[in-house]
Amino acid sequence: MYHDITGYTIVNAEIGDLNVDSYPEVFIYLTSDGSGSYGKLIGYSVNNGKSVSQVYLPEISENNEVNKGYMGHDEMAIVENTFCQRFPVYKEGDSNANPTGGTRQIQYKLVDGESGRILKIDKVVEF
């Protein structure tokens with residue numbers, strides 16, 4: 001598998017079984033170059049031990065329920081068979097270096113989509 005990651009830096013990689021099918025998922029976490037450090041996921045899921053398909057993570061910026069105050073600085077991890085994405089929340093007037101709105105964590109479930117697997121929001125926690 002080849003991916004053009006120009007403009008991104010790999011920050012971590014993990015293997016887990018998010019859909020508990022006894023086959024692993026492989027997740028590679030990237031952040032964009034520059035001050036925003038926007039997160040990106042390259043993920044693959046095994047299909048019954050016979051093939052792999054790419055896992056799709058919807059962009060935070062496209063989801064009006066969770067994108068309020070989003071300006072990047074994502075952290076991603078597999079926590080107890082759940083994919084989590086966490087980022088600081090910016091209030092109006094906050095500088096990129098000083099968010100004051102706390103932290104938002106989004107927990108996802110891996111579900112079957114039409115042509116592959118999708119990470120679907122399961123729970124949103126703010127602290």
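The structure presented is a predicted model; accordingly, all values stated were derived computationally and were not measured. The analysis underlying the following values was restricted to heavy atoms, covering all of them including side chains, and did not include hydrogens, waters or symmetry mates.
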Which pair of heavy atoms, one from [X] and one from [Y], lies closest together, and at what distance?
X	Y	result
Asn96	Gly36	ND2-N, 4.1 Å
His73	Pro88	O-CD, 3.5 Å
Met76	Gly39	CE-C, 3.5 Å
Arg104	Val66	NH1-O, 2.7 Å
Ser45	Leu110	OG-CD2, 4.2 Å

How many angstroms lie between atom [atom1] of [X] and atom [atom2] of [Y], to the nearest 0.5 angstrom?
X	Y	atom1	atom2	answer
Lys123	Cys84	NZ	SG	9.5 Å
Ile118	Gln54	CD1	CD	12.0 Å
Leu57	Gln85	CG	CD	5.5 Å
Asn47	Asp21	CG	CG	8.5 Å

In the single-linkage hydrophobic clustering (I, L, V, M, F, W, Y; side-chain heavy atoms under 4.5 Å), do [X] and [Y] co-cluster?
X	Y	answer
Leu119	Val11	yes
Tyr44	Phe27	no
Ile78	Ile106	yes
Ile42	Ile60	no
Tyr29	Ile10	no

Task: Close aromatic pair by centroid cut-off 6.0 Å: Phe87 and Tyr38 - done: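 So the answer is no for these two rings.
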Open item on the list: Between Tyr90 and Tyr70 (judged by ring centroids, cut-off 6.0 Å), do the two rings come close enough to count as a pair?
Closed with: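 That pair fails the under 6.0 Å test.
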Taking [X] for the side chain and [Y] for the main chain, is one N or O donor matched with an acceptor at less than 3.5 Å?
X	Y	result
Asp94	Pro99	no
Asn63	Glu65	yes
Asp17	Val20	yes
Gln105	Arg86	no

Could you check whether any side-chain heavy atom of [X] comes within less than 4.5 Å of a side-chain heavy atom of [Y], counting everything from C-beta outward?
X	Y	result
Val46	Pro24	yes
Lys91	Lys68	no
Arg117	Asn19	yes
Ile28	Leu41	no

Task: Parallel, tilted or perpendicular: rings of Tyr108 and Phe83 (30°, 60°) - done: tilted
Open item on the list: Can you see whether Thr9 engages Asp33 through a side-chain donor-acceptor pair at a distance of less than 3.5 angstrom?
Closed with: yes
- [ ] Please check if any side-chain donor atom of Gln107 sits under 3.5 Å from a side-chain acceptor atom of Thr82, or the reverse.
- [x]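 Looking only at side-chain atoms, Thr82 and Gln107 do not form any donor-acceptor pair under 3.5 Å.
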Task: Any residue meeting salt bridge (charged side-chain N to carboxylate O under 4.0 Å, His left out) with Glu59, in chain and number order, not counting sequence neighbours - done: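 Testing Glu59 for salt bridge (charged side-chain N to carboxylate O under 4.0 Å, His left out), a comparison that skips the adjacent residues, returns none.
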